[in-house]
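Chain A is the first sequence line, chain B the second, and so forth, proteins listed ahead of strands; every chain is numbered from 1. Just so we're clear, the structure is a prediction, and the values are computed from it rather than from any experiment.
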2 protein chains.
Amino acid sequence: MNSAYDVYEDKCPTRQMLERLADKWTLLILDRLESGPIRFNRLRRDIKGISQKVLSQTLKKLERDGLISRRVFATVPVTVEYDLTPLGRTLTETVRSLAHWAEHHMDAILASQSAYDAAVL
Amino acid sequence: MNSAYDVYEDKCPTRQMLERLADKWTLLILDRLESGPIRFNRLRRDIKGISQKVLSQTLKKLERDGLISRRVFATVPVTVEYDLTPLGRTLTETVRSLAHWAEHHMDAILASQSAYDAAVL
DNA sequence: CTCCTTAGTATCTATTGGAAACCATGTAAC
DNA sequence: GTTACATGGTTTCCAATAGATACTAAGGAG
């Protein structure tokens with residue numbers, strides 16, 4: 001294994017990559033892509049609250065990093081399909097558990113927040 | 001399981017929580033805490049590039065969410081120790097794999113980026 | 001002719017992230 | 001005694017980013 005890479009180092013390229021992954025939209029997109037190829041607007045509707053600009057930017061970066069693929073179909077109107085690459089698939093388990101961890105522990109988190117806020121008063 | 005929570009929903013509290021987790025500093029902090037309690041400045045030195053302000057803010061939020069604990073020792077100068085809570089420990093496996101995924105796939109990512117950039121020209 | 005769809009881009013503003021300076025306290029060195 | 005450094009922060013400021021909104025082009029439906 002290449003020990004030249006270390007996420008704790010400031011200028012290591014892995015830092016940039018971690019920054020890309022450590023993004024709520026990136027995680028939701030990768031999680032949503034797990035079940036197969038999806039079109040742009042379908043993604044936009046499924047991931048409630050994401051803007052077109054941010055979705056477009058995020059997809060472009062993920063494509064550049066080789067995590068997702070982009071296929072254009074000459075339909076009318078044009079259709080664009082996004083899918084996970086094999087490299088992207090190596091992340092699905094991790095992404096899934098991170099993206100859904102909150103759903104399973106939200107009650108405990110909310111309780112902790114209430115207790116913390118009460119103590120601060 | 002509480003099906004009222006859904007990270008794909010815009011106003012679901014899990015979204016806020018995902019946003020907290022999906023942060024490079026949060027991930028690095030949680031990963032660093034895995035091996036036991038650590039003081040503030042030790043964290044700051046280990047996680048290269050983090051500012052005091054951001055470290056302080058992030059730790060405070062994680063404490064409020066119940067993922068880490070904060071203990072103050074009346075030494076001179078004062079010592080503050082941060083540690084994972086049992087709730088925080090439920091995340092360690094996931095955090096570790098996400099934080100270190102880049103280290104194991106960086107070569108493939110860099111190759112993909114080069115190919116992408118060459119194609120755009 | 002108008003509205004809807006597709007997948008984006010362009011523009012503008014509000015929020016945030018990060019760099020640096022500052023704070024109080026006490027100990028050790030000069 | 002006073003300068004320097006350690007602790008764990010907070011405050012201030014500016015640049016970069018995130019998000020909301022409007023716009024593009026090309027065609028189908030009503």
Side-chain angles (χ1 to χ4, degrees), chain A residues 7-12 15-29 32-33 37-64 68-83 116 119-120, chain B residues 7-12 15-29 32-33 37-64 68-83 116 119-120:
Chain A
V7 283
Y8 287 102
E9 285 301 322
D10 204 359
K11 284 153 192 166
C12 185
R15 262 298 175 79
Q16 259 85 88
M17 199 55 216
L18 181 62
E19 205 162 351
R20 173 119 340 125
L21 292 177
D23 175 84
K24 63 173 171 174
W25 301 127
T26 298
L27 292 179
L28 288 172
I29 289 169
R32 188 67 193 79
L33 284 176
I38 308 193
R39 288 180 300 99
F40 184 87
N41 276 323
R42 178 69 192 276
L43 266 176
R44 185 160 77 92
R45 279 188 295 264
D46 286 355
I47 301 172
K48 310 252 169 61
I50 194 170
S51 71
Q52 286 181 308
K53 186 184 107 179
V54 171
L55 178 56
S56 174
Q57 287 175 343
T58 307
L59 288 170
K60 207 171 288 180
K61 288 174 188 167
L62 289 175
E63 188 196 358
R64 179 171 181 266
I68 66 174
S69 62
R70 180 178 183 273
R71 287 188 66 195
V72 180
F73 297 90
T75 54
V76 166
V78 63
T79 300
V80 180
E81 229 176 55
Y82 292 93
D83 198 5
Y116 184 94
V120 168
Chain B
V7 282
Y8 288 102
E9 287 299 324
D10 205 0
K11 284 154 191 167
C12 185
R15 260 300 175 78
Q16 258 87 88
M17 198 55 216
L18 180 62
E19 205 161 350
R20 173 120 337 128
L21 292 177
D23 175 84
K24 64 172 171 175
W25 300 127
T26 298
L27 292 180
L28 288 172
I29 289 169
R32 188 67 192 79
L33 284 176
I38 307 192
R39 287 180 300 99
F40 184 86
N41 277 322
R42 177 68 192 277
L43 267 177
R44 186 159 77 92
R45 278 188 294 262
D46 286 355
I47 301 173
K48 310 253 168 64
I50 194 169
S51 71
Q52 286 183 306
K53 185 185 107 177
V54 172
L55 178 56
S56 174
Q57 287 175 343
T58 307
L59 289 170
K60 207 172 288 183
K61 289 172 188 168
L62 289 175
E63 188 197 357
R64 178 169 182 268
I68 65 174
S69 62
R70 181 177 183 274
R71 287 188 65 194
V72 181
F73 297 90
T75 55
V76 166
V78 63
T79 300
V80 180
E81 229 177 52
Y82 292 93
D83 197 4
Y116 184 93
V120 169

Let me know, please, whether V78(B) or E19(B) comes out on the 5' side of the other along DNA chain D by nearest nucleotide.
V78(B)
Quick check: does any side chain N or O of R15(B) sit under 3.5 Å from a backbone N or O of V7(B), one acting as donor and the other as acceptor?
yes
Protein-nucleotide distance (L43(A), atom CG; dT6(C), atom C1'), rounded to Å:
14 Å
Tell me which nucleotide among dG9(D), dG26(C), dG18(C) gets nearest to the side chain of V54(B).
dG18(C)
What does R71(A) touch in the nucleic acid at a heavy-atom separation under 4.0 angstrom: a base, only the sugar-phosphate, or nothing?
nothing
Nearest-Å distance, CD (E81(B)) to P (dT7(D))?
14 Å
Quick check: does any side chain N or O of T58(B) sit under 3.5 Å from a backbone N or O of V54(B), one acting as donor and the other as acceptor?
yes
Is it the case that the side chain of Y8(A) and the backbone of R32(B) share a donor-acceptor pair, with hydrogens and angles ignored and the cut-off at 3.5 Å?
yes
Polar side-chain atom of R39(B) near backbone of V80(B) as donor-acceptor pair, under 3.5 Å
no
Would you kindly give the CG-to-C1' distance between N41(A) and dC4(C), to the nearest whole Å?
12 Å
By the 4.0 Å heavy-atom rule, please label F73(B) as base, sugar-phosphate, or nothing.
nothing
Closer to the 5' end of DNA chain C via nearest nucleotide, is it K53(A) or Y82(A)?
Y82(A)
Of D23(A) and P77(A), the one whose nearest nucleotide on DNA chain D sits closer to the 5' end is D23(A)
Whole angstrom is fine here: how far is it from CD1 in I47(B) over to C1' in dG18(C)?
15 Å
Would you say T26(B)'s side chain and R20(B)'s backbone share a donor-acceptor pair under 3.5 angstrom?
yes
Does K24(B) put a side-chain nitrogen or oxygen below 4.0 Å from OP1 or OP2 of dG18(C)?
yes
From CD of Q52(A) over to P of dT9(C), roughly how many Å is that when rounded to an integer?
10 Å
For dG17(C) and W25(B) - does any side-chain N or O of the residue sit under 4.0 Å from the phosphate oxygens OP1/OP2?
no
If you compare every side-chain N and O of R44(A) against the phosphate oxygens of dT5(C) (OP1, OP2), does one of them come in below 4.0 Å?
no
R70(A) CZ - dA7(C) P separation (whole Å):
10 Å
Could you state the CG-P distance from L55(B) to dG18(C), rounded to the nearest angstrom?
12 Å
Contact under 4.0 Å: R42(B) side-chain N or O vs dA6(D) OP1/OP2
no
Expressed as a whole number of angstroms, how long is the span from R45(B):CZ to dG8(D):P?
8 Å
Check this one for me: any side-chain N or O of S56(B) less than 4.0 Å away from OP1 or OP2 of dG8(D)?
no
Hey, is the side chain of K60(B) poking within less than 4.0 Å of OP1 or OP2 on dT10(D), counting only N and O atoms?
yes
